Amino acid sequence: MIRVRDDLQALEGYHSPQVDVRVRLNTNESPFPPPAAWHDRFAAALADVQWNRYPDRAAADLRRAIADSHGVDPSQVFAANGSNEVLQTMLLAYAGPGRTVLTFEPTYQLHGHIARLVGSTVVEAERAADFTVDVDAIRAAVGSAAPHVAFLCSPNNPTGLVEPPANVLALLDAAPGLVVVDEAYAEFADWSALSLVAEDRPLAVVRTFSKTWSMAGTRLGYAIAPSWLVAELDKVVLPYHLDAAKQLAGRLALEFVDEMGARVKHVVAERERVVEGLESLPVDVFPSGANFVLFRPRSQPGRAVWQGLLDRSVLVRDCSSWPRLADCLRVTIGTDDENSAFLDALREVLS
Ligand code: PMP
């Protein structure tokens with residue numbers, strides 16, 4: 001039998017089990033489809049695509065639309081197939097064999113996973129028991145790891161915590177390499193590191209169309225970063241990686257900013273209702289700036305509560321066996337009815 005690379009043998013793939021249920025609140029997607037008018041505009045635009053030709057390699061229209069939406073230059077935008085591919089491209093360019101990547105755990109598993117896939121050494125710094133990390137801990141971790149790439153995730157997945165600006169500044173100040181702030185959920189929070197992006201700072205802020213933009217099916221994410229960094233990423237990513245349909249889908253979505261803003265507002269209001277519901281139950285609730293909430297049942301093992309919810313056809317993310325997250329479950333904010341169904345089911349399971 002042929003053998004995979006030695007360093008990959010011990011690695012496990014990324015798992016997110018899907019089960020057929022009535023209420024699916026486990027993958028942090030938007031519960032709402034994109035606006036009907038977006039469907040119409042997209043369908044009409046598709047009719048004009050020259051399918052025998054490669055798409056625009058630079059994705060110029062899409063980049064310009066993303067740049068305009070953030071008030072930056074198109075040369076500061078790098079787009080790819082989901083923010084996961086953005087992260088992978090950054091790690092291919094700035095990490096890899098002989099280089100070190102720093103994460104603050106628990107955080108989004110793919111940061112460390114992709115870093116290992118590309119052959120980097122991963123140093124995992126620890127967050128406190130309440131999942132925060134302070135400036136001193138950041139400085140200490142950077143000091144011993146000297147990372148080529150350091151990650152923060154704000155709001156952090158799976159904890160929901162928004163990183164205080166002081167932490168991002170401390171990391172930028174201390175880190176010798178690239179600082180990546182993964183902001184897959186930033187639209188649901190009240191602070192973003194975007195305003196810190198500047199040509200003379202090795203900072204990349206990563207966003208996605210998968211959550212706010214109701215477009216997880218499109219697979220489109222992007223980074224806002226200094227233009228010299230974007231130029232390096234453009235060298236590393238495969239040619240024509242963004243197909244014509246995706247470029248159109250993303251560009252047209254940006255014409256519906258108000259509709260997307262309304263969706264975000266609704267999800268945030270529902271998040272507060274879910275948090276209130278959770279706080280009336282025997283569970284620890286972690287403060288969230290995202291479209292999900294992490295909680296820990298106090299009276300029963302997390303796994304048993306997850307199963308109890310599943311028995312009532314409600315699927316949440318079972319983090320209870322993940323390192324540092326004993327007994328924790330993560331619920332995505334869904335439609336009003338789905339959130340009510342979740343709270344009712346949880347009340348029953350815990351009674
Ligand atoms: N970053 C974080 C923190 C996430 O939670 C996710 C999705 N689970 C991603 C990036 C990847 O999102 P996508 O590839 O769909 O843009």
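Start at 1 and go down the list; that is how both ligands and their atoms are numbered. Note: hydrogens, waters and symmetry copies are ignored here, and every other heavy atom, side chains too, is used. Keep in mind it's a predicted model, so treat the numbers as computed, not measured.
Heavy-atom proximity to Tyr185, at under 4.0 Å, picks out these atoms of ligand 1: 3 (C), 4 (C), 5 (O), 7 (C), 8 (N). Those atoms of ligand 1 that come under 4.0 Å of a heavy atom in Lys211, given as number and element, are 7 (C), 8 (N). Applying the 4.0 Å criterion to heavy atoms of Ser210 picks out, from ligand 1, the atoms 13 (P), 15 (O), 16 (O). Numbered from 1 in the order shown, with element, the atoms of ligand 1 that lie under 4.0 Å from a heavy atom of Arg219 read 13 (P), 14 (O), 15 (O). For ligand 1, the atoms sitting less than 4.0 Å from at least one non-hydrogen atom of Asn157 are 3 (C), 4 (C), 5 (O), numbered in the order shown with element in parentheses. Atoms of ligand 1 lying under 4.0 Å from at least one heavy atom of Cys153, given by number and element, are 3 (C).
Cation-pi geometry between Arg207 and Tyr222 is not met at under 6.0 angstrom from the ring centre and within 45 degrees of the axis.
Aromatic pair Phe292/Tyr185: centroids less than 6.0 angstrom apart.
A 4.5 Å side-chain heavy-atom check between Phe295 and Val283 finds at least one atom pair inside the cut-off.
Between the side chain of Arg127 and the backbone N or O of Phe104 there is at least one donor-acceptor pair closer than 3.5 Å. Of the possible donor and acceptor atoms, one in the side chain of Glu183 sits under 3.5 Å from a partner among the backbone N and O of Ala193.
The protein atom (non-hydrogen) at minimum distance from atom 12 (O) of ligand 1 is Ser83 OG, 3.1 Å. The nearest protein atom to atom 1 (N) of ligand 1, hydrogens excluded, is given as Asp182 OD2, 2.7 Å; this is a heavy-atom distance. Looking only at heavy atoms of the protein, atom 9 (C) of ligand 1 is closest to Tyr108 OH, 3.3 Å.
Residues Pro35 and Arg263 approach most closely at N-NH2, 3.4 Å, considering heavy atoms.
Under a hydrophobic clustering in which Ile, Leu, Val, Met, Phe, Trp and Tyr are joined whenever their side-chain heavy atoms come within less than 4.5 Å, directly or via other members, Leu203 and Val135 fall into different clusters.
Between Asn28 and ligand 1, not a single N/O pair is under 3.5 Å apart. Residue Asn81 has no nitrogen or oxygen atom sitting less than 3.5 Å from a nitrogen or oxygen atom of ligand 1, judged on distance alone.
The pair Glu276-Arg273 does not meet the salt-bridge criterion, since no charged nitrogen lies less than 4.0 angstrom from a carboxylate oxygen.
Judged by the shortest distance from any of its heavy atoms, Gly221 lies outside the 4.0 Å radius around the atoms of ligand 1.
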